[in-house]
*Asks:* 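Okay, handing you the structure first.
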Amino acid sequence: MGLKEKCSIINFELHGDERGQMVVIEGGKSIPFTIKRLFYIYGTDSDAVRGQHANRNSEFVLVNVSGTSKVKVSDGKESFVFELNEPMKGLYVPKMLWKDMYDFSEDSVLLVLANTHYDGTEYIRDFDEYKKIMNDYIYDKTV
Ligand code: TYD
C-alpha cells in the first residue's frame, strides 16, 4: 500500500449561515477513532520545524483551524507534503509514520486530535532508527 493511501484527507461538516461558519468534528464519526486527546500549536516561528518523530501507537488528525502550515509525512522510503490550509479539512495520519510540521503562518493554529493519551515512550525521535524499524514493519491498515 502506498504512503498516500495510508493517510486520508477528511472533509469535516461545515455549517455556515449569515452569522458565520461552524465546523463539526465527531470522534468515531468524521474521524476514524475515539478522541482521547487534543492539543493545538500556535505562535510558532515560520522557520520552526515541529514533530520530527513517529509514534508507535498514536493516530492523529491534523487541521489548521486558523492560518496555514505544511506537514511532510514519510514512511522512511516515500514522503509527501500536505498543505493544511482549510479549517474544514483534516489530514489523518496513522501510527508509525514520520511527521514534520513546518512553514507555519503567523496566525497558524494547528489542532491535533489523537487516539491516545500522551506517552513519551511511544515516540521514535531518531530518523535512522525509524528507518530500521520500518524495514521490518508490516503495515496493518485498520480504517
Ligand atoms: P513535542 O513532542 O516536542 O511537540 P511537537 O510534536 O509539536 O514537536 O512536545 C513538546 C512538549 O510537550 C514535550 O515536553 C512533551 C509535551 N507534550 C505533552 O506533555 N503532551 C502532549 O500531548 C504533547 C503532544 C506534548
Side-chain angles (χ1 to χ4, degrees), residues 1-16 20-143:
M1 185 187 297
L3 177 61
K4 275 200 170 178
E5 293 169 280
K6 295 175 190 169
C7 300
S8 50
I9 293 160
I10 304 173
N11 292 298
F12 302 121
E13 253 177 64
L14 177 64
H15 297 268
Q21 307 297 334
M22 179 171 69
V23 175
V24 177
I25 302 174
E26 293 192 76
K29 283 186 160 184
S30 47
I31 62 161
F33 53 75
T34 303
I35 300 164
K36 278 204 179 162
R37 172 168 54 119
L38 68 83
F39 53 95
Y40 43 93
I41 294 166
Y42 65 97
T44 314
D45 281 349
S46 58
D47 55 359
V49 181
R50 301 206 60 126
Q52 300 187 287
H53 52 62
N55 296 73
R56 290 179 185 276
N57 304 316
S58 294
E59 301 167 40
F60 299 100
V61 171
L62 290 81
V63 49
N64 256 93
V65 295
S66 165
T68 61
S69 70
K70 291 191 181 106
V71 55
K72 182 177 168 189
V73 180
S74 170
D75 62 4
K77 291 190 178 106
E78 303 176 66
S79 66
F80 76 92
V81 175
F82 182 77
E83 290 199 34
L84 299 162
N85 54 13
E86 290 179 273
M88 72 294 279
K89 207 164 262 194
L91 180 69
Y92 168 71
V93 183
K95 61 188 175 181
M96 285 306 282
L97 293 184
W98 190 270
K99 301 162 287 295
D100 296 319
M101 290 89 85
Y102 60 101
D103 256 4
F104 294 89
S105 65
E106 212 174 309
D107 58 347
S108 171
V109 181
L110 173 57
L111 173 67
V112 183
L113 311 171
N115 68 323
T116 56
H117 292 144
Y118 181 70
D119 171 11
T121 67
E122 65 133 351
Y123 282 67
I124 304 162
R125 293 187 179 274
D126 182 283
F127 194 61
D128 288 335
E129 183 196 346
Y130 170 71
K131 282 194 286 190
K132 275 187 204 145
I133 294 167
M134 286 306 279
N135 273 335
D136 305 324
Y137 188 74
I138 296 164
Y139 184 76
D140 170 27
K141 188 168 170 74
T142 51
V143 294

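Quick note: residue numbers are just sequence positions, from 1. Whatever order the structure lists them in is the order used to number ligands and atoms, beginning at 1. Any value given below was found using the heavy atoms of this structure, including those in side chains, with hydrogens, waters and symmetry copies removed.
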*Asks:* I want to confirm something. Looking only at heavy atoms, which of Arg125, Gln52, Lys99, Met101 is nearest to atom 1 (P) of ligand 1?
*Replies:* Arg125
*Asks:* Out of Arg56, Glu59, Lys36, Arg37, which one pairs with Thr116 under the side chain to side chain donor-acceptor pair (under 3.5 Å) rule?
*Replies:*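 Option passing the side chain to side chain donor-acceptor pair (under 3.5 Å) with Thr116: Arg37.
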*Asks:* Got the closest protein heavy atom to atom 25 (C) of ligand 1, with its distance?
*Replies:*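 The protein heavy atom lying closest is Tyr118 CE1, 3.8 Å.
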*Asks:* For atom 10 (C) of ligand 1, state which one of Lys36, Arg37, His117, Arg50 supplies the nearest heavy atom.
*Replies:*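 Looking at heavy atoms only, Arg50 sits closest to atom 10 (C) of ligand 1.
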*Asks:* If I apply the N/O under 3.5 Å rule, does His53 come out as touching ligand 1?
*Replies:* yes
*Asks:* State whether any protein heavy atom lies less than 4.0 Å from atom 14 (O) of ligand 1.
*Replies:* no
*Asks:* Is the Phe60 ring parallel, tilted or perpendicular to the Phe39 ring (thresholds 30°, 60°)?
*Replies:*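 The arrangement is perpendicular - the two ring planes meet at more than 60°.
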*Asks:* Please could you name the atoms of ligand 1 that Ile41 approaches to less than 4.0 Å, counting only its heavy atoms?
*Replies:* 7 (O)
*Asks:* Above 12 or not: heavy atoms from other molecules or residues under 6.0 Å from CD of Glu106?
*Replies:* no
*Asks:* Give the intermediate values and the outcome of ring pair (Phe, Tyr, Trp, His ring centres under 6.0 Å) for residues Tyr118 and Tyr123.
*Replies:* CA-CA 10 Å; Tyr118 181 70; Tyr123 282 67; 5.7 Å; yes
*Asks:* Closest by any non-hydrogen atom to atom 5 (P) of ligand 1: pick that one out of Gly120, Ser58, Gly51.
*Replies:*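 Heavy atom nearest to atom 5 (P) of ligand 1 belongs to Gly51.
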*Asks:* Salt bridge check: are Lys70 and Asp103 linked by an N-O gap of less than 4.0 Å?
*Replies:* yes
*Asks:* So Glu122 and Ser58, side chain to side chain donor-acceptor pair (under 3.5 Å) or not? Walk me through it.
*Replies:* CA-CA 8 Å; Glu122 65 133 351; Ser58 294; 2.4 Å; yes
